[in-house]
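One structure below.
Below, all heavy atoms of this structure are taken into account, side chains as well, without hydrogens, waters or symmetry copies. All chains are named by letter (A, B, ...) in the order of the sequence lines, taking the proteins before the strands, and each is independently numbered beginning at 1.
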Amino acid sequence: MAEDNTNFFGKVYAVVKQVPYGRVTSYGAIAAFLGAKRSARMVGWAMNASHVDNNVPAHRVVNRVGLLSGKHHFEGTNLMQQLLESEGIEVEDYKIVDFAKYFWDPAKELDF
DNA sequence: TCAGTGACTGACC
DNA sequence: GGGTCAGCCACTG
């Protein structure tokens with residue numbers, strides 16, 4: 001399941017859970033960190049499957065430009081944005097403002 | 001087994 | 001600056 005870091009999904013969950021409060025990362029960054037940069041879609045798919053696991057802050061994972069591409073997968077139409085704003089992240093029109101400022105790179109900040 | 005699909009990304013035009 | 005295409009891989013019917 002989510003805690004099993006032996007498979008790709010498990011690794012994705014493990015990384016996403018390490019994202020600090022008030023920070024965000026991208027699908028590509030996670031994929032690259034896991035050694036599968038070309039498999040960013042799998043990260044997104046993992047998020048799709050992670051909605052059953054509340055411990056996975058999927059709202060902190062956005063695409064490479066900071067756009068909340070997965071907002072429609074959250075219950076409300078703006079739940080994802082509200083969650084980010086509640087963490088002090090500026091979000092405008094479903095897009096993170098100063099994305100680079102809040103960006104958290106697992107390859108640099110994390111060390112598996 | 002095969003084909004379609006997707007919460008992505010980079011390259012090209 | 002924005003639209004399109006191909007590559008990537010797991011899941012579903």
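- Nucleotides of DNA chain C lying under 4.0 Å from heavy atoms of chain A occupy a range whose first and last members, 5' to 3', are C/dG7 to C/dC11.
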Contacts under 3.5 Å, N or O only, protein and nucleotides 9-13 of chain B:
{"from": "B/dT9", "atom 1": "OP1", "to": "A/Gly28", "atom 2": "N", "distance (Å)": "3.3"}
{"from": "B/dT9", "atom 1": "OP1", "to": "A/Arg64", "atom 2": "N", "distance (Å)": "3.0"}
{"from": "B/dT9", "atom 1": "OP2", "to": "A/Arg64", "atom 2": "N", "distance (Å)": "2.8"}
{"from": "B/dG10", "atom 1": "OP2", "to": "A/Arg64", "atom 2": "NE", "distance (Å)": "3.4"}

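- A/Asn78 places no side-chain N or O within 3.5 Å of a backbone atom of A/Gln81 that could act as its donor or acceptor partner.
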Q: Decide yes or no on side-chain hydrogen bond (donor to acceptor under 3.5 Å, both in side chains) for A/Glu87 and A/His59, but give the supporting numbers first.
A: CA-CA 11 Å; A/Glu87 297 189 359; A/His59 61 279; 3.1 Å; yes
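- Taking each heavy atom of A/Ser69 and A/Tyr27 in turn, the nearest pair found is OG-CE1, 3.6 Å.
- A/Tyr13 places a side-chain N or O within 3.5 Å of a backbone atom of A/Ala46 that can act as its donor or acceptor partner.
- The CG atom of A/Leu67 sits 13 Å away from the P atom of B/dA7 (whole-angstrom rounding).
- Listed here is the closest heavy atom pair of A/Met47 and A/Val16: CE-CG2, 3.7 Å.
- In the hydrophobic cluster analysis, where Ile, Leu, Val, Met, Phe, Trp and Tyr join through side-chain heavy atoms closer than 4.5 angstrom, A/Leu83 is grouped together with A/Ile96.
- When heavy atoms are screened at a 4.0 angstrom cut-off, A/Ala46 is found touching no nucleic acid atom at all.
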Q: Output, in order, the C-alpha distance, side-chain angles, deciding distance and verdict of side chain to side chain contact (heavy atoms under 4.5 Å, CB included) for A/Val19 and A/Glu109.
A: CA-CA 9 Å; A/Val19 179; A/Glu109 309 297 333; over 6 Å; no
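- With the 3.5 Å cutoff on both pairing distances, Watson-Crick and G-U pairs in DNA chain B assemble into runs of at least 3 at B:2-6 with C:9-13, B:8-13 with C:2-7.
- Residues A/Leu84 and A/Trp104 fall into different hydrophobic clusters, defined by Ile, Leu, Val, Met, Phe, Trp and Tyr side chains chained together at heavy-atom separations under 4.5 Å.
- Counting heavy atoms of neighbouring residues, nucleotides and ligands inside a 6.0 Å radius, atom NZ of A/Lys95 does not exceed 12 of them.
- The cluster map of Ile, Leu, Val, Met, Phe, Trp and Tyr, joined by side-chain heavy atoms under 4.5 Å apart, puts A/Phe9 and A/Leu110 in the same cluster.
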